[in-house]
Every structure is written in C-alpha cells, then in structure tokens.
Amino acid sequence: MKFRPLVAGIGIVALLALSACGGGSGSSSSGERAAKAPANAEPAPVRPSASPAKTNGEEDTTTAQISTFALDVDTASYGYARQTLRGGRWPAPGEIRPEEWINAFRQDYAPPSDDGFAVHVDGAKLQERDQAILRVGLQTRGSDAAARRPANLTFVVDVSGSMAETGRLDLVKSALLKLLDQLAPGDQVSIVSFSDDAEVLASMTPLTARQELRDAVNELTVSGGTNLSAGLVTGYQEASKAFRPAATNRVILLSDGLANQGSTEWRTILDQVKEYAGKQVTLLTVGVGRDYGDELMEQLADNGDGMAVYVSSQEEADKIFTTQLPANIELRARDAKAQVVFNPSVVESYQLIGYENRALNTEDFRDDTQDGGEIGPGHSVTALYSLRLKPGADGQLAQATVRWQDPDTRSASEASKSLRADELAASLDKAPVRFQVDVVVAAFAVYLRDRKAFGMDLPELKEQAARLAPATEDPMVTELVQLIDQARSVG
C-alpha cells in the first residue's frame with residue numbers, strides 16, 4: 001500500500017460553458033447492450049451558450065499538454081448526495097466529486113478480450129465555435145464468480161451508538177447474512193466489531209462453517225462510541241494473520257464514518273495499518289446512515305488501495321453484497337493510472353472534470369512506486385474533458401493511455417488509443433446517448449457543488465435528463481430526473 005497526499009480541489013466553476021446539453025452502482029458490466037433511442041424519439045438537440053474566459057482549472061496546452069490521474073471506481077459521492085437530496089437537504093460542496101457521479105452510471109464500452117483494459121476515446125463538438133467535450137472510457141473484462149480464486153474477507157463492522165439509527169446496523173446485518181449465502185466453500189470470512197474498542201467475533205472461518213459466521217453476525221449489537229481506528233487496525237491484523245497468497249485478501253469496513261474516539265483522521269489511521277496493509281490487502285469502505293463521514297471513508301479507500309461505496313436502502317445493500325461483491329472480489333489491475341496527451345496544434349486548452357484528489361504529476365505515470373487505483377472485473381472508468389480547440393485545426397487531437405500492474409506479478413502493462421479532430425461528433429445530440437447522459441450527470445454534479453453547470457440551470461438539466469430517460473431505458477436516468485426536481489425544491 002502507498003500513501004498519497006490529498007490534492008487540493010481545483011474547483012470547476014465554469015469550464016467551457018455548455019448550455020442545455022443533450023444527453024450518462026452501478027458499475028458497468030461487460031456484454032451489456034448499448035442503449036438505443038426509440039425510433040420515433042430522438043434526443044433533443046444541444047444548445048450551447050457563449051463561453052466564458054478561462055478559469056483557474058483550465059490548462060493551456062502551450063505549458064501543460066499532459067493530464068495524469070489515478071483511476072477511481074468510487075461511487076460514494078453519488079450515493080450519499082442522492083440520499084441527502086431525498087432527505088430534503090442540499091449536499092455539501094466538498095461531498096460532490098463529479099467523477100464518482102459519472103462512474104455510478106452504466107456505460108456501454110466494449111470489454112477487452114484479455115485481463116487488461118479496453119481504451120475508448122470519443123467526443124463531440126459544441127455548437128459554440130471551437131469547443132468540444134472529450135470522453136475517455138476504460139473497461140475491464142467481467143469474470144465468472146464460479147471460476148474466481150478463493151477469497152479471505154475481513155468484515156469490520158461499526159456497532160457504535162450512531163449505528164442505532166433505523167436502517168444502519170440492521171441493514172448491514174441483513175446484507176452480511178445474504179452475502180454468506182453467496183460466497184463459495186473455498187472462501188473464508190473474519191468478523192470484527194468496534195465501538196469503544198474492537199472485538200474479534202469470528203477469526204478467519206471457512207464458509208463450510210456458515211452457521212458459526214451467521215451466529216457472529218447476529219451477535220452484532222449497538223453500544224458505545226466510534227473508535228474506527230481500533231476497528232480497522234484489528235481488522236488488518238486479522239487479515240494479515242490469515243493472509244493467503246493464492247487468495248484475494250480484502251478488508252471491508254462498514255460504518256457511518258463518524259469517528260469520535262481514538263485516531264479520527266484518515267492519514268493517522270492509515271499510518272497505523274501501513275505495516276499490515278502492505279501485504280496486498282485491499283480495502284472496501286461501505287458507508288451507511290443519514291449523517292456520514294464522507295471525507296474519512298473516501299480517503300481511507302482512495303489511499304488504502306480500495307474503493308468507497310454508499311448504501312441507503314436494503315435494495316442497494318443487497319445489490320452490493322449479493323451481486324457486485326461476489327462477482328468483483330478479484331482484482332484486474334493494481335495501481336492503474338491514466339494519462340491523456342493533447343496535441344497543442346489542435347487543442348488550445350483543456351479541463352478535466354473531477355479527479356481533483358486523484359491528480360498525479362506527469363512523471364508519476366510510469367513510476368510504479370506511485371499509487372494508482374485498484375480496478376476489479378467488469379468495471380468501467382470514465383473521464384470527461386472540456387476542450388477549447390484551435391480554429392480550423394485538424395489532425396490527432398489526443399492520445400489516452402492506461403497503465404496498470406498485474407495483481408499478482410506486479411508486472412506493468414499499457415494500452416492506448418488516440419482520437420482525431422475529424423472523429424468528433426458534429427454536435428452533442430449526434431454523440432452516443434450514453435455520452436450525452438455522462439455530460440448531463442457531470443453538469444448536475446458541478447451545479448450542486450458550484451451553482452454553475454456549463455451554462456445550464458436546474459430546469460434545463462431536468463429537461464435534458466427527461467428526454468434522455470426513454471432513450472436509455474435506464475431507471476437510474478429516470479431517477480436522475482427526480483433528483484433534479486428534489487434539488488429544485490431544496491435549492
């Protein structure tokens with residue numbers, strides 16, 4: 001495990017204004033068909049407005065031709081903001097990470113034929129002169145849960161007083177019991193609970209003894225404060241003692257992240273588990289509760305070789321624990337990073353939407369000691385760039401490269417794809433429907449954070465989402481329409 005300082009947010013205030021863009025956890029799954037619009041229902045055209053002056057987040061290609069960042073498959077920001085809006089509150093700006101919103105939505109990227117990445121690059125011009133949106137999509141191949149390697153899973157469960165809120169601990173217990181029925185006989189599970197202190201309820205136990213594990217889950221009861229650091233340290237100690245080189249080893253933290261005892265800062269907590277986490281043990285943080293320590297849980301995941309998700313309902317918990325987790329226990333890639341090189345003769349300036357706290361220096365891309373993201377089977381990662389093109393420029397626009405390490409051997413591989421300026425769609429309404437949905441999702445996230453969304457207001461965002469919903473036949477896009485309405489009611 002490697003530790004990376006938190007990079008200050010750039011703050012996307014205006015980007016290159018997109019007005020009334022037309023048209024997207026679920027993590028994507030390979031083999032999923034691309035959404036098609038009904039024959040009699042074309043998405044509405046996009047009506048871009050005039051662009052503002054450059055902002056602090058915009059990079060001039062005369063001095064910065066290369067954008068580098070660690071991959072991220074977190075979706076907690078979207079899940080928690082959705083819960084917050086449903087509860088009649090406006091999400092805090094610091095809790096909005098646009099990349100996690102985009103990555104929460106299904107994509108339609110074709111998977112690779114091997115265990116690496118397929119790289120997809122596309123884009124669309126805007127009606128406003130010399131502006132465009134570039135999308136970089138990265139996809140891993142799915143896996144057959146029945147054919148995966150065995151897993152050692154250490155569950156670290158928060159049983160502090162704040163977990164007594166309806167829908168917290170009960171939701172966690174129900175999801176764990178269902179997960180135990182999904183795991184294979186070769187898997188092993190350890191269960192640690194924590195409140196004022198940590199307690200091992202079940203040391204690493206094979207799934208052939210499911211009833212013992214069920215009994216341990218049923219023992220979980222609420223009491224005391226939240227000593228998250230004690231729980232996580234004990235969990236990593238258990239995972240380290242039972243480490244199996246031929247298995248997937250993972251610690252899964254289930255908590256509202258409201259640490260109030262022991263170490264409460266993510267850097268300090270990670271320093272405490274550094275010795276144990278260095279054995280290729282990945283971390284999944286699962287957030288619950290109306291009040292939620294978003295920064296703590298997100299930074300633990302990002303800097304602990306893992307990912308962060310948030311669940312607010314039994315349906316979401318079941319999806320995570322009975323569908324996604326069993327199928328995605330294994331890793332496809334460690335320390336995965338992306339680098340996009342822009343042609344300064346074609347691109348005048350660019351801005352990456354989101355990924356502020358995943359930014360890397362250019363030289364970090366091929367430095368395999370620098371931390372990247374851990375990516376599982378069937379995952380997609382999407383990055384959007386807002387571009388200002390040079391008038392009349394032609395030729396190669398950009399090249400996107402992903403670099404990753406094999407989970408077992410740590411050997412590094414790369415895959416690349418480039419895009420020419422003449423390959424950009426003529427306008428956003430001519431771009432793939434999923435591309436259009438991604439733009440609307442990103443615009444809504446930026447609006448919630450900055451009260452500015454590429455020149456759009458909430459009524460325009462709702463109009464575009466409503467027109468895209470039938471074209472995608474995706475319940476999450478339909479839900480997006482409802483969330484925009486809820487934002488209008490509390491804004």
Side-chain angles (χ1 to χ4, degrees), residues 15-24 28 32-51 102 105-110 118-137 139 340 342-343 346-348 350-351 353 380 382-400 417-444 446 453-456 460-474 476-477 480-481:
L15 294 174
L16 302 175
L18 317 177
S19 174
C21 303
S28 67
E32 197 163 29
R33 67 177 180 84
K36 297 182 179 179
N40 59 351
E42 286 292 328
V46 177
R47 304 180 300 279
S49 65
S51 70
I102 300 169
F105 280 71
R106 192 181 77 225
Q107 304 296 334
D108 59 0
Y109 308 129
V119 183
H120 301 270
V121 186
D122 58 3
K125 293 181 179 178
L126 306 185
Q127 293 178 13
E128 185 67 25
R129 182 178 178 184
D130 300 328
Q131 294 180 19
I133 297 293
L134 178 75
R135 179 176 68 163
V136 176
Q139 181 72 48
V340 181
F342 293 95
N343 182 353
V346 175
V347 179
E348 179 180 314
Y350 65 87
Q351 186 166 9
I353 300 173
S380 63
T382 299
L384 295 181
Y385 286 87
S386 178
L387 308 182
R388 189 186 301 275
L389 305 177
K390 292 194 172 180
D394 197 8
Q396 181 169 305
L397 185 151
Q399 180 173 20
K417 189 172 183 182
S418 60
L419 186 74
R420 294 177 53 85
D422 59 9
E423 293 174 319
L424 292 169
S427 60
L428 277 177
D429 61 294
K430 302 296 184 184
V433 172
R434 281 287 163 192
F435 181 106
Q436 298 180 50
V437 173
D438 289 344
V439 172
V440 173
V441 171
F444 183 36
V446 172
F454 313 155
M456 287 186 281
E460 289 174 305
L461 283 166
K462 179 186 175 182
E463 176 187 356
Q464 299 306 323
R467 287 175 173 166
L468 285 164
T472 61
E473 299 179 344
D474 184 346
M476 286 190 67
V477 181
L480 183 66
V481 179

* At what distance, to the nearest 0.5 angstrom, does NE2 of His120 lie from CD of Gln139? -> 6.5 Å
* Nearest-0.5 Å distance, CG of residue Leu419 to CG of residue Leu134 -> 6.5 Å
* Asked: With sequence neighbours left out, what residues match Lys417 under salt bridge (Lys or Arg N to Asp or Glu O under 4.0 Å)?
  -> none
* Structure fact -> Nearest heavy-atom contact between Ala400 and Val340 is CB-CG2, 4.2 Å
* Asked: OG of Ser386 to CD of Gln131: how many Å apart, nearest 0.5 Å?
  -> 6.5 Å
* Structure fact -> When rounded to the nearest 0.5 Å, the distance separating OG1 of Thr382 from OH of Tyr109 is 2.5 Å
* To do: Output all residues satisfying side chain to side chain contact (heavy atoms under 4.5 Å, CB included) with Asn343, sequence neighbours left out; order by chain, then residue number.
  => Ser345, Val346
* Identify, with sequence neighbours excluded, every residue that meets salt bridge (Lys or Arg N to Asp or Glu O under 4.0 Å) alongside Asp122. => Arg135
* Structure fact -> For Ala466, the side chain to side chain contact (heavy atoms under 4.5 Å, CB included) test, sequence neighbours excluded, returns Val481
* To do: Taking the side chain as every heavy atom from C-beta outward, state whether Leu480 and Asp474 have any pair of such atoms under 4.5 Å apart.
  => no
* Asked: Got a second to check how far Glu463's CD is from Leu468's CG, nearest 0.5 Å?
  -> 10.5 Å
* Looking at Ala443 and Met456, what are the two nearest heavy atoms and their distance? -> CB-CE, 3.4 Å
* To do: List the steps and the verdict of side chain to side chain contact (heavy atoms under 4.5 Å, CB included) for Val477 and Arg434.
  => CA-CA 10 Å; Val477 181; Arg434 281 287 163 192; 4.3 Å; yes
* NZ/Lys430: more than 12 non-hydrogen atoms of other groups inside 6.0 Å -> no
* Which pair of heavy atoms, one from Ala110 and one from Ala118, lies closest together, and at what distance? -> O-CB, 3.4 Å
* Asked: What closest approach, in Å, do Lys125 and Ala421 show between heavy atoms, and which atom pair accounts for it?
  -> CE-O, 4.2 Å
* **Partner set under ring pair (Phe, Tyr, Trp, His ring centres under 6.0 Å) for Phe342, not counting sequence neighbours** => Tyr350, Tyr385
* Have a look at Leu387 and tell me which of Asp130, Leu424, Leu397, Ile133 forms a side chain to side chain contact (heavy atoms under 4.5 Å, CB included) with it. => Leu397
* side chain to side chain contact (heavy atoms under 4.5 Å, CB included) with Gln399: which residues, sequence neighbours excluded? -> Gln396, Thr401, Ser416, Ser418
